[in-house]
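Hydrogens, waters and symmetry mates play no part in the numbers below; they use all other heavy atoms, side chains included. Sequence lines set the chain letters: A, B, ... in the order given, protein chains first and strands last, and positions in each chain run from 1. If you're wondering where the values come from, they're calculated on a predicted model, not measured in any experiment.
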Amino acid sequence: MSSAATIFDFHGGIHPEQNKTQSLQLPLGKPKLPQELILPLGQHIGQASRPLVHVGDYVLKGQTIAINNGFLSSFLHAPTSGHIKAIEEKAIAHPSGLQDACIVLEPDNQETWCELHPLPLWQESTKTDVLTYLAEMGIVGMGGAGFPTQVKLQGAQKNNLEYLIINAAECEPYITADDMLIREKTAQLVQGIQILQFLAEANEVLIGIEDNKPKAIERLQNELRIRHLEKQIKLVVVPTKYPSGGEKQLIQLLTDQEVPSGKHPIDIGIICQNVGTCVAIYDAIVLGKPLISRITTLTGDALSQPQNVEVLLGTPIEHLLNYAGCDASQLQRLIMGGPMMGFTLENHAVPVVKTTNCILAGTAKELPQPAPEQACIRCGMCEQVCPASLLPQQLLWFTKSQEFEKAEHYNLFDCIECGACSYVCPSNIPLVQYYRHGKSEIREAREANIKSDHAKIRFEARKARQEAEAAEKEAKRLARTKPAPKKDHDKKVAAGTPEAAKPSTANDASKKLKIDIAIAKAKLKKLEKALTTAQEEERSESISQLQIEVDEQKNTLSQLETELSTVAPAPVKTAKVTNSEEAAIKQLKIDTAIAKAAVKKIEKAIKRAEDINAPELGELNQQLETATSRAAELDKSLTAAKDAFEKSSTEKNSITVERKGPSDTDQVASKKLKIDIAIANAAVKKAKKNIDAMKSDGLDESAIEASGLTKKLNENEAKVTALQAQLAQLTPSSTNTSSDTKAEAPNPLADQIKKQKIAVALAKAQLSKLNKKLEKEPENAAEIQIAISEKQAAQMVAETELSQLLNTQEKN
Amino acid sequence: MTTILIAVGILLLLSLIFGAILGFANVRFHVEGDPIVEQIDAILPQTQCGQCGHPGCRPYAEAIANGEAINHCPPGGQATIQALADLLDVEAIPLDGDHGEETAKRVAVIREDECIGCTKCIQACPVDAILGAAKQMHTVIADECTGCDLCIEPCPVDCIDMVEIGVTAKTWSWDKPVGPMSRPGNLIATDRQPSTEASH
């Protein structure tokens, strides 16, 4: 089989002394239970697990004691039965020697298993179920990094896999854990591979193994032959060269494919799994045993009995050193992992974790203090051995001079930290340490950048919110203060004082409102822009938030506009008719244009929504309808206003001339009368309404009479007629005076009638508009109702005036 | 004479054409805002602490663009000053002590049993990192806290501490090797200690 498969080569590599035989002299050992097991919550890449147990709890062997905390996380199980002694910070196996949260378990030496739930019918289960099961069994990659296996295999579900590669290369000197595992658990390994193949469905399954493990190769070949799997699973023996066990290097060796920079093997349709992981998968699925133990090599000249041991996770290293007969006086350096990629342990109490494949207790002769670093002589040997085809020298310069951007540009992150460059360096430069430093600096900078960007976004969001709140408050304040000047104005008008003062205040108010509206509109536009960008970038949470903000802004805007419409007509009424009409037309024109633009915008939005089949299509359609109706309405009123304006402008001269005619006192008196009439009329109407309401409430006539409402009504009606008579008396005189001064008396009268008619029509239109608004915006009901009652009064004034004029005309 | 006129005419024509092109480009490729401010703002640490004397990082970025000194940002420290110096091509000067000292990264922590629920810190927090309501206990969302100190001052019962973020196994980073000049006595191979002589 091995001869059938072609073997390729990767760039560089070194041939350090193997030192593998020492630990293969003794059979697989089984150390006794230690006094306590220390189980770090972060034994894998990703989020630390979340403990499920409390201090003092009794747990059974295999019981889940911590569950995954997020997607990239893993489960943790009790390696033996016993009591939870503590959940605290303890020194862990980490190059920093720092502490981390650990569950401390005190064994009761009973080794009582919890109930096991194997998955013997895995072939009939769905892949998702099997993957979930593997996650719950705490399976992580046991080769080095401890990447949660189910996450890796989930990636495989999405891609069509070309190769499933089983990594049995074990290239690092001293380590023989995988060798021993293959020899001892060949059947389990092959069945584990079968389960993996069921999950991965790769076109080809390859086992990559270095030729320095002849016994393991033989056992595997036999096992494959017995099971008739030689066709399905190919055993590829590769020459011994460090680091052929690196994932990317092994892929290159077996398939001649290079994993692109910054990508994973899964991106080129390859998945790699360590042999230890395969056996753990078998144990979990067929036997139901979670990952609670592993095979670890104990080696080094400081040990009298170097060997491989099957050790429970959490066993302190001290315990293992004692088991293997460690001579403390000889021990110079204790390394977790191999001599090339491992790290020194200062604290001997740290526990074995899921990724611990070797404990190397070296003597001073074996692992001497690194020689002092000398200057780089640019020999280029590091470049020749780099298995990742990088330029170690360049990377050294850049990391040394803190030019991390350039180092990144030279693919610093493709460095696998194998240590081949440091191994060959004649100047003893600890190159890998420089690269590790550079990498952590870059990572730190990236994280700081992300954090500062995040803070900026939050700060800006807060600022925007505060501004919106301030604007809303200002609008509310204006809404509160606005009714007061209007009342003043009414009083002034009633008193017949000149109206010069009033328009200016109204103008000021409307100016302020207009500014507010402009600000609100600008904000709305900004928000809408942000919303569209958010939609493009599919940030769902910010979309909903922005939507809310946009709606709020729209509300405030419409509120402001209502206010403006209530304020603006006041000066329009009192100021010169032509001016007000001109302004009204202008306003209407603008409104129409805005409405039309809105229609167009909504139509566009609908088109876009249709393209992407968005769910808010119905809503948009509704919006379009309202917008079009509003546009049509505005258009209508615009033409009406234009007509009115044309008429009035033709009448303008005559009116102004006519206005000069009647004496001032007469005019003031008549105006006053008119207003009185209007008030009386309003009172009549109100009384009538009250009576109607009472009637509808089921009160009989007598009760109504008793309430004195009818009386009031009658009084008021009488008052109205009286006032009208007075006015009639007054107006003829005024018209008479005017006819005295002017040649054509009836003409101005007709004009006046016309004007009055227009005014009535205008008031009516405004009223109906307000009513519509009231229906549309129940939330502003109170304000709109105030505006409506005002309009009603204005309309009545206009109507009475009109009837008066008509009367005089008839008389004439 | 005609040659001169032709030459003048051609030059005039050319200047008109290029003027038109430049004018068009000015309109067509008009850049809204000042891009240098954006770049400066991106370098600043965005703690929004106001220690520089400006209400937030962006105003300081604008001030720097208008010529203010680059050493007024204590949270950014020397690294930010260096980055700003590189960007603006000016000399990197030491941090101005008047605006505060560079400290290790910290987060605010509220001693919750002492909190009276006054919401003053919530209003002060520039990044909305404090959670709580009136007369309810407040707490700091540690991940969102920029360590700006702005919540300390308004707290009426002084129940907020600034706690340094310690190094954990996840945030730990490798030290830079000391380099070849650290042990000058060992430059010559024969100066090495006997124990270091043994090689691989």
Side-chain angles (χ1 to χ4, degrees), chain A residues 16-17 40 42 47-48 92 94-101 173 332 339 364-376 399-400 402 423 427-441 443-445 447-449 451-463 465, chain B residues 41-49 55-58 61 75-76 79-80 82-83 86 105 122-123 125-129 141 143-148 166-189 191-200:
Chain A
E17 230 177 293
Q47 291 285 320
I92 54 157
H94 193 269
S96 63
L98 284 167
Q99 297 192 329
D100 206 0
Q332 160 81 15
K365 200 180 169 203
E366 216 176 359
L367 298 169
Q369 281 292 327
E373 183 185 337
Q374 313 271 328
C376 174
T399 47
K400 233 178 170 176
Q402 312 277 322
Y423 180 80
S427 291
N428 305 310
I429 301 171
L431 288 143
V432 174
Q433 211 178 317
Y434 279 105
Y435 304 152
R436 281 174 173 162
H437 166 69
K439 280 183 184 180
S440 28
E441 287 291 310
R443 277 198 203 104
E444 229 167 83
E447 266 157 36
N449 228 340
K451 189 147 193 222
S452 79
D453 281 352
H454 186 69
K456 193 174 165 188
I457 289 166
R458 283 181 75 87
F459 176 65
E460 270 160 17
R462 179 171 184 266
K463 231 165 62 184
R465 195 193 65 223
Chain B
D41 196 29
I43 289 171
L44 294 174
Q46 304 299 332
T47 49
Q48 320 293 353
C49 62
C57 291
R58 207 189 156 80
T80 299
Q82 187 61 51
D86 289 345
K105 279 195 179 154
I122 295 178
Q123 289 155 31
C125 181
V127 290
D128 286 335
I141 308 168
D143 281 355
E144 310 289 5
C145 178
T146 61
C148 67
V167 179
T168 65
K170 286 235 188 291
T171 57
W172 177 82
S173 62
W174 289 85
D175 289 335
K176 192 179 172 188
V178 278
M181 297 311 286
S182 60
R183 279 181 282 179
N186 277 337
L187 270 179
I188 301 164
D191 286 350
R192 287 182 196 173
Q193 301 295 311
S195 63
T196 64
E197 203 116 3
S199 65
H200 308 284

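Considering all non-hydrogen atoms of both residues, B:Trp174 and A:His437 come closest at O-ND1, 3.0 Å. Of all heavy-atom pairs between A:Phe459 and B:Pro55, the closest is CZ-O, 4.2 Å. Looking at every heavy atom in both residues, B:Pro45 comes nearest to A:Ser452 through O-CB, 3.2 Å.
Using a 4.5 Å cut-off between heavy atoms, B:Thr47 makes no contact with chain A at all. With a 4.5 Å cut-off on non-hydrogen atoms, B:Ala129 touches chain A through its backbone but not through its side chain. For A:Ile92, the part lying near chain B is the side chain, with the backbone staying farther off; criterion is any non-hydrogen pair under 4.5 Å. Looking at B:Asp175, only its backbone comes within 4.5 Å of chain A, counting heavy atoms on both sides. Residue contact with chain B, scored on non-hydrogen atoms closer than 4.5 Å, is absent for A:Arg443. When heavy atoms are compared at a cutoff of 4.5 Å, A:Lys400 approaches chain B by way of both its backbone and its side chain. For a residue to count as touching a neighbouring chain, one of its non-hydrogen atoms must lie under 4.5 Å from one of that chain's; by this rule A:Glu444 touches chain B with the side chain only. Interface remark: A:Ser427 contributes no atoms to any contact with chain B (heavy atom separation under 4.5 Å).
The OG1 atom of B:Thr146 sits 10.0 Å away from atom CZ of A:Arg458, with the distance rounded to the nearest 0.5 Å. Atom NZ in B:Lys176 sits 4.5 Å away from atom CD in A:Gln402 (nearest 0.5 Å). Between atom NZ of residue A:Lys456 and atom CG of residue B:Asp41 there is a gap of 4.0 Å, rounded to the nearest 0.5 Å. Interatomic distance, CD of A:Glu460 versus CD of B:Gln46, reported as 7.5 Å (0.5 Å rounding). Interatomic distance, CZ of A:Arg462 versus CD of B:Gln48, reported as 10.0 Å (0.5 Å rounding).
Side-chain atoms of A:His454 and B:Glu144 include a donor-acceptor pair closer than 3.5 Å.
More than 12 heavy atoms of other residues, nucleotides or ligands sit less than 6.0 Å from atom NZ of A:Lys451.
Ranked by heavy-atom pairs under 4.5 Å with chain B, the first of A:Pro430, A:Ala48, A:Gly42, A:Pro95 is A:Pro95.
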